[in-house]
Amino acid sequence: MIYIIITTSINNKQGIKNNIHRRTRYIECINNLLQLINNDSNIKPIIVENNGVRQTYLDDLKCDICYTNNNMIKYKHKGQNELLDIKQVINQYNIKDEDIIIKLTGRYKLLNLNFINFVKNNINDYDAFVKFFNVCTKKYMFDDCVLGLFAVKCKYLKEFKYNFLKSPECEFADYIRKNVDKNKLKELHQLDLECCFADNLRILVV
């Protein structure tokens, strides 16, 4: 089974505070994903939002949603809040170790089905599908990766922990390199993902 965990945080603590832009971007990107997968019976999309159980505009989307309280906790970076959200979804939905989880940042738009189809067609050959890349320098890096979109077997996410010694992107890249057999790791060169970065709302396709 493939689960797509779509991470969201309506009340963001970091980056530009523009609620209208954030709402518009979430609705546009998540609806776009749902249209792309078109009720595929092999894929289960789940939105996770981390500012507590309440009514939000995300309820209007035709998708399961899991509300958490993880944004209330302050860490050195928001990657830890997001990781707690992912682990809560894993527990709530009883996702199995061998199931594949595609993690997608909710404000990022998947431009086509290339990534999802590649994961589906190679699900028995690889444990992880990652683009090793620095989104600031816009260059390949061995120990950096795109956290906005990746796919990995659930068991690796369950064991992953941040040490807060480097950026979340670098720590996750290191973890994948060390824990996934190199023959089971697929390094991707193109995700066809339109990123919208929270710090300045710049757009980058990776």
- Mind checking the CG-CG spacing from N117 to D40? Nearest 0.5 Å is all I need. 8.5 Å
- Query: With a 4.0 Å cut-off, would you call E159 and K87 a salt bridge?
  - Reply: no
- Counting only N and O atoms by type, is there a donor-acceptor contact under 3.5 Å from the side chain of N81 to the main-chain atoms of K74? no
- Message: Tell me whether R177 forms a cation-pi arrangement with F132, defined as NZ or CZ under 6.0 Å from the six-membered ring centre and within 45 degrees of its axis.
- Response: yes
- Message: When you measure from the side chain of N134 to the backbone of T137, do you find a donor-acceptor pair of N or O atoms at a distance under 3.5 Å?
- Response: yes
- Item | Pairs flagged by ring pair (Phe, Tyr, Trp, His ring centres under 6.0 Å) wherever residues 10-44 is involved - sequence neighbours left out | none
- Taking it one step at a time, do K109 and L111 satisfy side-chain contact (heavy atoms from CB on, under 4.5 Å)? CA-CA 6 Å; K109 184 189 291 184; L111 299 178; 4.0 Å; yes
- Query: Can you tell me if N163 uses its side chain to pair, donor with acceptor, with the backbone of E171 under 3.5 Å?
  - Reply: no
- Query: Sequence neighbours excluded, which residues qualify as ring pair (Phe, Tyr, Trp, His ring centres under 6.0 Å) partners of F133?
  - Reply: none
Sequence neighbours excluded and cut-off under 3.5 Å, please list the side-chain donor-acceptor pairs for residues 61-68, or say none.
| from | atom 1 | to | atom 2 | distance (Å) |
| --- | --- | --- | --- | --- |
| D64 | OD1 | K44 | NZ | 3.4 |
| D64 | OD2 | K44 | NZ | 3.0 |
| D64 | OD2 | Y93 | OH | 3.0 |
| Y67 | OH | T56 | OG1 | 2.6 |
| Y67 | OH | D59 | OD1 | 2.7 |
| T68 | OG1 | N70 | N | 3.2 |
| T68 | OG1 | N70 | ND2 | 3.3 |
| T68 | OG1 | D85 | OD1 | 2.7 |

- Task: Applying side-chain contact (heavy atoms from CB on, under 4.5 Å), run through L58 and T8 and close with a yes or a no.
- Result: CA-CA 9 Å; L58 297 174; T8 69; 3.5 Å; yes
- Message: Please verify the inter-ring angle class for Y175 with Y156; under 30° counts as parallel, over 60° as perpendicular, anything in between as tilted.
- Response: perpendicular
- Query: Short question: side chain of K131, backbone of Q190 - any donor-acceptor pair under 3.5 Å?
  - Reply: no
- Residues R54 and E49 bridged, charged N to O under 4.0 Å: yes
- Item | Aromatic ring pairing F164/Y75, orientation class (parallel under 30°, perpendicular over 60°, tilted between) | parallel
- D99 side-chain N/O to K96 backbone N/O, donor-acceptor pair under 3.5 Å: yes
- May I ask you to check whether Y162 and F160 place their ring centers less than 6.0 Å from one another? yes
- Message: Parallel, tilted or perpendicular: which one describes the rings of Y126 and F118, with boundaries at 30° and 60°?
- Response: parallel
- Task: Quick one: closest heavy-atom pair of D127 and I100, and the distance?
- Result: O-CD1, 4.2 Å
- Message: For C196, is there any backbone N or O sitting under 3.5 Å from a side-chain donor or acceptor partner on R107?
- Response: yes
- Query: Looking only at atom types and distance, does a side-chain atom of K186 sit under 3.5 Å from a main-chain N or O of V119, one as donor and one as acceptor?
  - Reply: no
